[in-house]
Structure formats: structure tokens, C-alpha cells
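All values below come from the heavy atoms of this structure, side chains included, with hydrogens, waters and symmetry mates left out.
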Amino acid sequence: MDLLEEYRRATFFFESGDPLGAARLLEPIVEAEPQNTAVRQLLARAYFNSAQLNHAEQQLRSLIEHDPSDHYAHHVLGRTLERAGRFREALPHLRLAAAMKQQSDYTEAVRRVEEWLGKSENA
């Protein structure tokens, strides 16, 4: 298997709106090259976009374990946990990402989850 060619195909599938197809192509690449963060990140995004949240969480936690300063992995992990309704677990990752990099979608995610948590506490 030509891993680079498979990665290119997976990227094409992902960008064409087929995250399931991308994930199928990326899984064996991650297995063959577990330290390749670019491939693992794309796999996590493919899982997130195809609502395979547990799989996305596993990949993102692996990325964070490898590089705790990866603001994007923290953000996407927070978004994954938010999407799963696990707001209390999501908030620290979202806040950390927002603190590491000033980006509007990061701060918006923090605001949204804080709002959800405020609503649940007032209910």
C-alpha cells in the first residue's frame, strides 16, 4: 500500500464530503504510522464529521497525549465532547484551546458551552 497516495485519496474523500470513506482509508494508515499526527488529526476530523464521537475522542486524546500544547486537538476534543452532550468535560478543553490561541471559533465554543451549563444549572 502506498500510504501517501492513500492519504491523498482520504483527503479528497474528506474534502468531498465523505468522512466515512475518508475514515476507512485513514484507519490502516494510522495503524501503520501511529505517530503521524497529520493523519491522526484528519482521522479524528473524519470521525467527528461522521458522528463517530467515541472514535474521534480516542484519536484526539492520543494527539493531546503526544503534544499537550496542540490547541486544535483540544478544541476539537472539546467540540466532540460538546456534541456528545458532555459539557462539563468539554469546557476545560475549549478554554485551554482559547487560552492558547485567540481565535473566534474557539471563544464562541467556550461561550456556547458556558451558556449550556448555565441553563442546566438554572433548570
Side-chain angles (χ1 to χ4, degrees):
M1 169 188 342
D2 181 352
L3 296 179
L4 180 57
E5 185 56 36
E6 287 298 290
Y7 177 74
R8 288 181 179 144
R9 284 185 59 218
T11 301
F12 176 78
F13 276 57
F14 183 82
E15 291 173 353
S16 298
D18 183 2
L20 286 172
R24 280 192 292 277
L25 292 170
L26 292 165
E27 288 165 348
I29 301 172
V30 167
E31 194 172 307
E33 295 188 14
Q35 298 304 315
N36 188 323
T37 57
V39 176
R40 192 176 291 276
Q41 184 185 89
L42 186 57
L43 179 57
R45 292 174 60 208
Y47 284 147
F48 178 84
N49 286 3
S50 61
Q52 296 180 70
L53 302 180
N54 289 333
H55 290 304
E57 180 181 353
Q58 290 170 359
Q59 295 303 317
L60 292 160
R61 289 192 186 279
S62 179
L63 285 167
I64 290 168
E65 183 178 308
H66 176 72
D67 180 6
S69 68
D70 185 341
H71 62 87
Y72 186 73
H74 279 285
H75 175 72
V76 179
L77 177 57
R79 292 280 322 202
T80 300
L81 296 168
E82 174 191 8
R83 192 168 174 192
R86 296 162 56 190
F87 301 110
R88 288 200 189 292
E89 294 174 68
L91 192 56
H93 292 284
L94 295 172
R95 284 180 174 160
L96 188 56
M100 286 193 264
K101 184 164 178 90
Q102 297 300 311
Q103 206 162 293
S104 61
D105 55 330
Y106 286 16
T107 55
E108 174 60 25
V110 170
R111 185 205 59 74
R112 188 176 51 247
V113 170
E114 286 176 339
E115 187 176 305
W116 268 104
L117 286 170
K119 287 179 183 176
S120 68
E121 289 173 359
N122 294 328

Does E65 have any side chain to side chain contact (heavy atoms under 4.5 Å, CB included) partners at least two apart in sequence or in another chain, and if so, which? none
Evaluate Q59 against Q52 for side-chain contact (heavy atoms from CB on, under 4.5 Å), listing each step before the verdict. CA-CA 11 Å; Q59 295 303 317; Q52 296 180 70; over 6 Å; no
Under 3.5 Å, sequence neighbours excluded: what are the donor-acceptor pairs made by side chains of residues 18-34?
residue: D18; atom: OD1; partner: G21; partner atom: N; Å: 2.8
residue: E27; atom: OE2; partner: Y47; partner atom: OH; Å: 2.6
residue: E33; atom: OE1; partner: N36; partner atom: ND2; Å: 3.1

Keeping to residues at least two apart or across chains, list the salt bridge (charged side-chain N to carboxylate O under 4.0 Å, His left out) pairs with something in residues 91-103. R95-E114
My understanding is that a hydrophobic cluster links ILVMFWY residues whose side chain heavy atoms are under 4.5 Å apart, including indirect links. Using that, what else belongs to the cluster containing L77? L60, L63, I64, Y72, V76, L81, Y106
Where P68 and H74 come nearest, the two heavy atoms and their spacing: O-NE2, 2.9 Å
Nonpolar side-chain network containing L53, other nodes, edges under 4.5 Å: F48
Is any side-chain heavy atom of R79 closer than 4.5 Å to one of R112? yes
By side-chain hydrogen bond (donor to acceptor under 3.5 Å, both in side chains) - contacts of R86 (at least two apart): E57, E89
When Ile, Leu, Val, Met, Phe, Trp and Tyr are grouped by side-chain heavy atoms lying under 4.5 Å apart, directly or through other members, which residues fall in the same group as M100? L96
Tell me every residue that passes ring pair (Phe, Tyr, Trp, His ring centres under 6.0 Å) with F87, counting only those two or more places apart in sequence or in another chain. W116
Looking at residues at least two apart in the chain, or sitting in another chain, which of them share a side chain to side chain contact (heavy atoms under 4.5 Å, CB included) with S62? R40
Among all residues two or more places apart in sequence or in another chain, which pass the side-chain hydrogen bond (donor to acceptor under 3.5 Å, both in side chains) test with R111? E108, E115
With sequence neighbours left out, what residues match H75 under side-chain hydrogen bond (donor to acceptor under 3.5 Å, both in side chains)? none
Taking side-chain hydrogen bond (donor to acceptor under 3.5 Å, both in side chains) as the test, write out the residues that go with Q41, two or more places apart. none
Looking only at non-hydrogen atoms, find the nearest pair between A99 and Q102 and report the distance. O-NE2, 4.2 Å
For A98 and V110, the nearest pair of non-hydrogen atoms, with its separation, is CB-CG2, 4.0 Å
For the residue pair L117 and L91, what are the closest heavy atoms and their distance? CD1-CD2, 3.7 Å
Can you tell me how far CG of L43 sits from CZ of R45, rounded to the nearest 0.5 angstrom? 11.5 Å
